[in-house]
Amino acid sequence: MKRYMMIFLVFLVGMLAACGGETTTKEAGTSKTIKIGATAGPYSDMVTKAIKPQLEKKGYKVEVVEFSDYIQPNKALAEASIDANLFQHKIYMETFAKQNNMQLSEVIVVPTAPMGVYSKKFKSWKEVKDGSTIAIPNDPVNAARTLTMLQSEGIIKLNASVDPLKASEKDVTENQKSLKFQPIEAAQLPRSVESVDLAAVPGNFALAAKMNLLDAIQLEKMPDLYRNRVVVNTKDLDKAFAKDLKEAVESKEFDTIIDKEFKGFGKPEWMVNRK
C-alpha cells in the first residue's frame, strides 16, 4: 500500500511541475514571450533591428515571424499564432477586418517607405518631356496615391469634388506634361523603370527590388493613414505587451536606428512633431 501511495505522490508532483512549466506567457514575469509577424524585407528588418532590442531590454523573448503575402499576417493574428504584426496601413487594416469579421487595432504608426516616381531618363520634373509615359499601380488605392502625389507637385490637377482617396485617371482635369498613364500591377513597377519614361513605385516594392528611395525624382508626402502600423487583436490592445510595443517604438533608440538604417522612410506625424 505504501509503495502505491509513493508512486501516486511522485506522479502528482510530476503533473504539478509540468503544469507549472507552461506558464511562459507574455504576462509571466521574467519568462515573457512575444511573436511579431512582418512581411519579409524592410518591415521584418525594422522589427528585428529597431523593435526587438527594445523589447528584450524589457525582459521579452522576441520571435520575428516573416510572411510573404498580405493575407497570412492578419490570419495568424486572428488564430493567435502571433501576438502582433507590422506590414499594413490603416485603410488595408480596416478593410481586411471588415471583410473577414475581425477586430483589429493599431498600437502605433511607424516610419514607412513612401511611394516614389523613378526614371532612368530624367533626373527632375523639369527635364520630363511633354507626352511622356508614366507607369502607375493598377489597384485603386495606390493609383489614387499616385495621382495625389502628382497633384502635390503641380504636375496634374484633380477634380476638386473628388475624394483624393478614390481619385482615378478620369478625375484629372489638368495635365501640364500631357502625361500618358499606363496602369501596371504594383509588383511589376520596379521592372517598368527600365522600359517607360517614368514609374510610380510603392516603397515596399522599390525596396524589394533593391532600389534606393533617395534616387526618386519625387517622394510621396505620405499621410499617416498610408503609413504602416503595429497591429494587434483589439482584445489585446490594453495588455502589457501592447503597451510595451508602443514604448519600444517611441524610444530614442528606435528613432536612432531608423535614421541610420532606414534612410528615405517617411516618419509619422507623432515622430515629426514630438519635442
ILVMFWY network linking [X] to [Y], side-chain heavy atoms under 4.5 angstrom:
{"X": "Tyr118", "Y": "Leu198", "result": "no"}
{"X": "Ile91", "Y": "Phe205", "result": "no"}
{"X": "Met149", "Y": "Val128", "result": "yes"}
{"X": "Met222", "Y": "Val231", "result": "no"}

For the residue pair [Y] / [X], report whether a side-chain donor-acceptor contact shorter than 3.5 Å exists.
{"X": "Asn74", "Y": "Asn100", "value": "no"}
{"X": "Glu153", "Y": "Trp125", "value": "no"}
{"X": "Gln54", "Y": "Asp244", "value": "no"}
{"X": "Ser44", "Y": "Glu66", "value": "yes"}
{"X": "Asn204", "Y": "Tyr70", "value": "yes"}

Looking only at heavy atoms, which two atoms of Met271 and Pro111 are closest? And how far apart? SD-CG, 3.6 Å

Please list all pairs passing the salt bridge (Lys or Arg N to Asp or Glu O under 4.0 Å) test where one or both residues lie in residues 111-124, with sequence neighbours left out.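 Residue pairs with at least one partner in residues 111-124: Lys120-Glu194, Lys121-Asp197.
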
CG of Asn138 to CD1 of Ile184, rounded to nearest 0.5 Å, is 8.5 Å

Lys/Arg-Asp/Glu bridge criterion (N-O < 4.0 Å) met for [X], [Y]:
{"X": "Asp236", "Y": "Lys239", "value": "yes"}
{"X": "Glu250", "Y": "Lys246", "value": "yes"}
{"X": "Glu94", "Y": "Lys90", "value": "yes"}
{"X": "Lys267", "Y": "Asp224", "value": "no"}

Criterion side chain to side chain contact (heavy atoms under 4.5 Å, CB included) on Ile82 and Ile36, from CA distance to verdict: CA-CA 6 Å; Ile82 61 174; Ile36 306 173; over 6 Å; no

Just do the side chain to side chain contact (heavy atoms under 4.5 Å, CB included) check on Val172 and Asn175 with the steps written out, would you? CA-CA 7 Å; Val172 177; Asn175 186 348; 4.3 Å; yes

